[in-house]
2 protein chains.
Amino acid sequence: MSETVVRKNPRRADAQHNYDVILAAARAAVAERGGDIVLEDIARNAGVGIGTLYRHFPTRQELLEAAFLDEALELRQRAEDLKAAPAPLDALIDWLHLQMDFGAHGRSMGAAVMNAKHTEGTEIQIACVDMREAGAVLLGRAQDAGEVRPDVEIIDLLRLMHGIVIANEQAPDQSRVNPMFDLVIAGIQA
Amino acid sequence: MSETVVRKNPRRADAQHNYDVILAAARAAVAERGGDIVLEDIARNAGVGIGTLYRHFPTRQELLEAAFLDEALELRQRAEDLKAAPAPLDALIDWLHLQMDFGAHGRSMGAAVMNAKHTEGTEIQIACVDMREAGAVLLGRAQDAGEVRPDVEIIDLLRLMHGIVIANEQAPDQSRVNPMFDLVIAGIQA
DNA sequence: ATACTATACGGAGGTTGCCTCCGGTTGCAA
DNA sequence: TTGCAACCGGAGGCAACCTCCGTATAGTAT
């Protein structure tokens with residue numbers, strides 16, 4: 001959750017410290033308010049000036065991406081764990097459920113994490129690709145087992161999970177989430 | 001597109017005129033910029049003060065809803081038209097495609113139009129309910145024909161359409177939209 | 001035609017959040 | 001210890017939101 005991120009060209013100790021503190025504050029804020037965080041609040045909670053925040057995270061997007069890095073890593077790990085599960089389709093389903101849970105404050109995460117189209121080599125970009133590839137393995141297993149149609153692609157599934165979350169985000173009742181999910185699952189089965 | 005909206009307690013002629021002009025400006029803006037319209041631009045283009053805009057549309061949401069009223073009406077009409085189509089499932093599919101096209105600038109519309117949970121009796125609320133019910137008829141026909149599973153609900157389909165649109169909104173390539181759509185369609189079939 | 005008033009107009013200005021810029025500060029290597 | 005590259009931080013400019021209230025006028029009553 002809060003391991004110090006190591007950088008290629010090492011920064012000064014104070015800079016690294018501020019980076020960590022800001023990131024921690026951002027994570028806390030995202031956890032409770034979702035993606036519509038107020039950057040100046042983050043800075044204040046972190047005990048740094050707004051300028052410092054912007055130096056470390058030039059865009060709101062970058063801050064969000066950094067805040068979600070852990071989630072991407074964990075989702076990848078969960079996929080790894082599920083590779084050994086006996087029922088490939090169930091494993092895939094479980095993992096897709098996790099996708100929705102993790103992206104619960106979805107709008108924010110979605111844009112940041114779902115697409116790995118960002119500047120090559122970013123930590124978050126790599127993490128996203130890894131996560132997606134791990135998911136692709138789960139999908140592949142289910143396909144090899146003949147449980148899922150071979151033409152289904154992991155990116156579509158991930159985006160659908162994301163779509164389900166945000167389409168229900170401002171709805172008062174979350175009761176449609178599961179039916180929608182089941183409908184998608186029905187759609188991928190062989 | 002621009003029929004004068006009649007109101008219960010008639011307003012002054014100048015007020016009605018301004019209402020119409022503002023709405024026209026809002027529709028134009030929405031058509032080209034999507035939901036992230038700038039209210040002061042709308043007012044300027046309409047040739048009224050910002051105060052006047054806010055009197056007629058106290059919240060951004062209300063303005064958007066009013067701007068999308070036509071689309072909801074047209075979607076309802078399209079559903080009516082498709083009721084006579086020979087192939088029920090194809091008719092449903094066509095209509096769902098229309099949903100995506102109309103909601104193309106989706107984020108804005110989505111919240112406003114997809115849910116009919118707003119204050120009872122609003123024009124837009126009624127229009128949404130009507131639209132959805134018209135869609136439900138299409139769905140029902142496909143179900144009666146044995147082409148779609150009987151447990152599918154129209155609300156889930158609409159939200160999935162919405163979800164597909166917004167999940168792809170910030171993606172550079174729209175190429176996943178159709179696969180995702182097809183996947184959903186596969187999921188509803190009997 | 002005139003006067004009256006409920007209704008409507010409009011924009012100045014307060015608020016919030018975004019982001020930049022640059023004078024001052026400081027870690028750290030020599 | 002010193003010098004400077006790296007870093008800090010917040011003042012301030014900007015954009016958009018929204019409110020408030022003095023002014024204007026449509027519609028009506030006389």
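Worth knowing before you read on, the calculation uses all heavy atoms, side chains too, and leaves out hydrogens, waters and symmetry mates. So you know, we letter chains A, B, ... as the sequences are listed, proteins then strands, and number each from 1. Source: prediction; values computed, not measured.
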Under-3.5 Å donor-acceptor pair between B:R44 side chain and C:dG11 base: no

Proximity to the side chain of A:V48 - top-ranked nucleotide from C:dC18, D:dG9, C:dC9: D:dG9

Any donor-acceptor N/O pair under 3.5 Å between C:dC19 base and A:E40 side chain: yes

Nearest-angstrom distance from the residue atom CG of B:N18 to P of C:dT7: 17 Å

Proximal nucleotide (of D:dC18, D:dG9, C:dT20) relative to the B:Y54 side chain: D:dC18

Base D:dG9 to side chain A:R55, donor-acceptor N/O within 3.5 Å cut-off: yes

5'-most by nearest nucleotide on DNA chain D - B:P58 or A:T52: A:T52

Minimum-distance pair of heavy atoms, taken over all atoms of B:L73 and B:A127: CD2-CB, 4.1 Å

Spacing between B:R11 atom CZ and D:dG27 atom C1', to the nearest angstrom: 17 Å

CG-CZ distance between A:L75 and A:R132, expressed to the nearest 0.5 angstrom: 13.0 Å

Of the listed nucleotides C:dA8, C:dG27, C:dC19, the one nearest the side chain of B:R12: C:dA8

Lys/Arg N to Asp/Glu carboxylate O, A:D144 vs A:R141, below 4.0 Å: no

Residue pair B:S175 / B:P179: nearest heavy atoms and the distance that separates them: O-CD, 3.2 Å

